[in-house]
Amino acid sequence: MFPYPFLRCMNFRMDKKLVQLLPIKLSNNIHGFLRKFLFKVLSFGPMPKHIAFILDGNRRYGKKWNLTEGEGHERGFCNLMTILNYVHEMKFQYVTVYAFSIDNFRRKADEVQLLMRLIKEKMDALVEDTSMADKLGIRIEFIGKLELLDESVREAAKKLMKATEKNDQLVLLVSIAYTSTDEIVHGVERSCMEVRDEDDDDDGMMIKLVDLEKNMYFGGYPDPDILVRTSGETRLSNFLLWQTKGCLLYAPLCFWPEISMRHLVWAVLKYQRRFFYLERIKKQP
Ligand SMILES: CC(C)=CCC/C(C)=C/CC/C(C)=C/COP(=O)(O)OP(=O)(O)O
C-alpha cells in the first residue's frame, strides 16, 4: 500500500522513484502537523460529539484488489484503528460502528465463521495489548443481542469491556448482533415488564417515551450527529433507525478500508454548514 498517509488521503498519486526520495518518518511528521492544524481550524466551528459508521464494502474491496477471503475485512479493521486516531484528535466523544448485523448471520456459514473468528481475534489482540486504547483513552462497549454470539466471542467482548472500562476520553460503541428493529422490540419488552411490575401505576399499561429510550440498547448514550456509510450506499440497513432522527447522513464513494481523513473532514464541514444554515432559518421571522 502507498505508505504516505497524508498524500494518500489527499488522493495524491506519485511516481515510485519520487516516493523513495521522501523518508517515511518525515512524511508522517508533515502529515501529523498538517492534520493537527486542519483539526484546530475545524474546532473553531461547532463540533459534533458522536459519529457513527456503517463499515460497508470490505468484501468488495477484497475483490477489487484480488485479496484472499477475509483480507478485505482485516484491512477494514486496520483502517478502523486509523480512523479512531483521527476521531480522537478531533475530540469526538462517541464513535459507533456497525460491526455485525443480526441479518449477517444469514450469510454462508463459512463466511459467518470467518468474520466471527476475525472479530474475536481482534478483541483478543486489543485485550492483550491495551496500549492503543489506553493512549487514546478509549472505552469499548458492545451493543446488541449478545446472546446470539458464540460463548467464546461473548467472553472476549466482556474481557475487552473490562480491560478498557477505566478509559474516559472516547467511547467506542461496537454494534454486534444488532439490528434497530430488534433494539426497539427489546426496549418495548423491557418497558412492558417494568410497567407490569409497577402495579400501582395510574396510567395502566402506558409506556413512557423516556422509559422506552432508557431500555433500548443505546439508552443512556447521545444520538449520533453524523452517520457515515461507505461504498456510496444511502440505506440505513436497520441501523440506529430510532437514533438518527436529526443526524447528518454522509455516503462517501469509497469502500470502508479506503475511508480516510479527508472524508472525516468533509463530513464535519457538512455538519457545520448545516448547523449554520439551521441557525439562520431559526432567526428568520
Ligand atoms: C472488534 C471490531 C470492532 C471488529 C470489526 C471488524 C470489522 C471490520 C467488521 C466488519 C464486518 C462487516 C460485516 C462489514 C460489512 O462489509 P461486507 O462484508 O458487507 O462487505 P460488502 O459490503 O463489500 O459485501
Side-chain angles (χ1 to χ4, degrees), residues 51-88 94-130 132-133 136 138-146 148-150 152-164 167 170-180 217 227-240 251-260:
I51 186 160
F53 294 105
I54 300 181
L55 315 178
D56 203 15
N58 298 285
R59 218 168 18 176
R60 278 168 283 168
Y61 175 86
K63 279 193 190 135
K64 177 175 149 187
W65 294 102
N66 283 327
L67 303 178
T68 55
E69 221 187 328
E71 219 179 314
H73 293 90
E74 182 83 42
R75 299 258 176 108
F77 177 81
C78 288
N79 206 26
L80 174 61
M81 298 297 114
T82 308
I83 292 296
L84 282 177
N85 264 292
Y86 298 157
V87 157
H88 172 262
Y94 298 90
V95 183
T96 298
V97 295
Y98 204 5
F100 198 87
S101 138
I102 292 180
D103 299 330
N104 288 149
F105 283 112
R106 286 200 225 114
R107 290 186 179 189
K108 282 188 279 166
D110 288 357
E111 199 187 326
V112 173
Q113 256 180 17
L114 187 91
L115 281 172
M116 280 297 148
R117 203 169 50 234
L118 172 90
I119 290 175
K120 183 181 174 304
E121 245 175 57
K122 299 304 172 195
M123 289 175 183
D124 290 341
L126 288 171
V127 172
E128 188 113 325
D129 178 7
T130 56
M132 184 203 163
L136 304 185
I138 303 179
R139 191 177 95 222
I140 303 178
E141 300 275 347
F142 289 88
I143 306 265
K145 202 178 194 133
L146 302 188
L148 293 182
L149 300 170
D150 282 352
S152 61
V153 182
R154 223 170 30 237
E155 278 307 307
K158 270 192 207 155
K159 278 191 197 155
L160 186 51
M161 288 196 267
K162 182 97 191 106
T164 59
N167 295 338
L170 179 67
V171 182
L172 171 63
L173 300 162
V174 181
S175 309
I176 187 165
Y178 172 91
T179 57
S180 214
Y217 298 133
L227 171 64
V228 180
R229 178 174 187 150
T230 44
S231 81
E233 287 278 359
T234 42
R235 291 174 290 126
L236 288 180
S237 297
N238 216 340
F239 185 51
L240 301 179
L253 286 170
C254 64
F255 297 133
W256 172 256
E258 294 166 333
I259 192 172
S260 68

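This chain uses plain numbering: 1 for the first residue, then up along the sequence. First listed ligand is number 1; within each ligand, the first listed atom is number 1.
- When only interatomic distances are considered, the shortest N/O to N/O separation between Glu111 and ligand 1 does not fall below 3.5 Å.
- Atoms of ligand 1 lying under 4.0 Å from any heavy atom of His73, numbered from 1 in the order shown and given with element: 8 (C), 11 (C), 12 (C), 16 (O), 17 (P), 18 (O).
- Contact check on Arg75 versus Glu71 returns a salt bridge, with a Lys/Arg side-chain nitrogen under 4.0 Å from an Asp/Glu carboxylate oxygen.
- The residue Glu233 has no part lying near ligand 1, judged by heavy-atom distances below 4.0 Å.
- Interatomic distance, NE2 of His73 versus CZ of Phe100, reported as 9.0 Å (0.5 Å rounding).
- Interatomic distance, Ser175 OG to Asn238 CG, rounded to the nearest 0.5 Å: 11.0 Å.
- Less than 4.0 angstrom separates some heavy atom of Arg60 from each of these atoms of ligand 1: 21 (P), 22 (O), 23 (O).
- Assignment of Ser231 to the shell around ligand 1 is not supported, since no heavy atom sits closer than 4.0 Å.
- Residue contacts with ligand 1 include Arg107, since one or more of its heavy atoms lies under 4.0 Å from the ligand.
- Every atom of ligand 1 is numbered from 1 in the order shown, and the set under 4.0 Å from a heavy atom of Gly57 is 16 (O), 20 (O), 21 (P), 22 (O), 23 (O).
- Note that the CG atom of Leu126 and the CZ atom of Phe77 stand 4.5 Å from one another [nearest 0.5 Å].
- When each atom of ligand 1 is checked for a heavy atom of Ala99 under 4.0 Å away, the hits are 9 (C), 10 (C), 11 (C), 12 (C), 13 (C).
- Each of Lys122, Lys159, Lys158 was scored for a side chain to side chain contact (heavy atoms under 4.5 Å, CB included) with Val127, with one residue passing: Lys159.
- Phe239 and Tyr178 have perpendicular rings, their planes meeting at more than 60° on a 0 to 90° scale where under 30° would count as parallel.
- The N/O atoms of Gly76, backbone and side chain alike, include none that comes under 3.5 Å of an N/O atom in ligand 1.
- The protein heavy atom nearest to atom 16 (O) of ligand 1 is Asn58 ND2, 3.1 Å.
- For Arg107, the salt bridge (Lys or Arg N to Asp or Glu O under 4.0 Å) test picks out Glu111, with sequence neighbours left out.
- Arg59 N, 3.1 Å is the protein heavy atom nearest to atom 20 (O) of ligand 1.
- For Asp124 and Lys120, the salt-bridge test passes: some basic side-chain N is under 4.0 Å from an acidic carboxylate O.
- By heavy-atom distance, the residue among Leu55, Leu172, Val153 lying nearest atom 14 (C) of ligand 1 is Leu55.
- In terms of polar-atom proximity, defined here as any N/O pair under 3.5 Å, Asp56 does make such a contact with ligand 1.
- Within the structure, ligand 1 has Phe77 among the residues with a heavy atom less than 4.0 angstrom away.
- Within 6.0 Å of atom NZ in Lys162, 12 or fewer heavy atoms from other residues, nucleotides or ligands are found, so the atom counts as exposed in its surroundings.
- Within the 4.0 Å heavy-atom shell around ligand 1 one does not find Val97.
- Expressed to the nearest 0.5 Å, how far CG of Asp110 lies from CG of Leu115 amounts to 11.0 Å.
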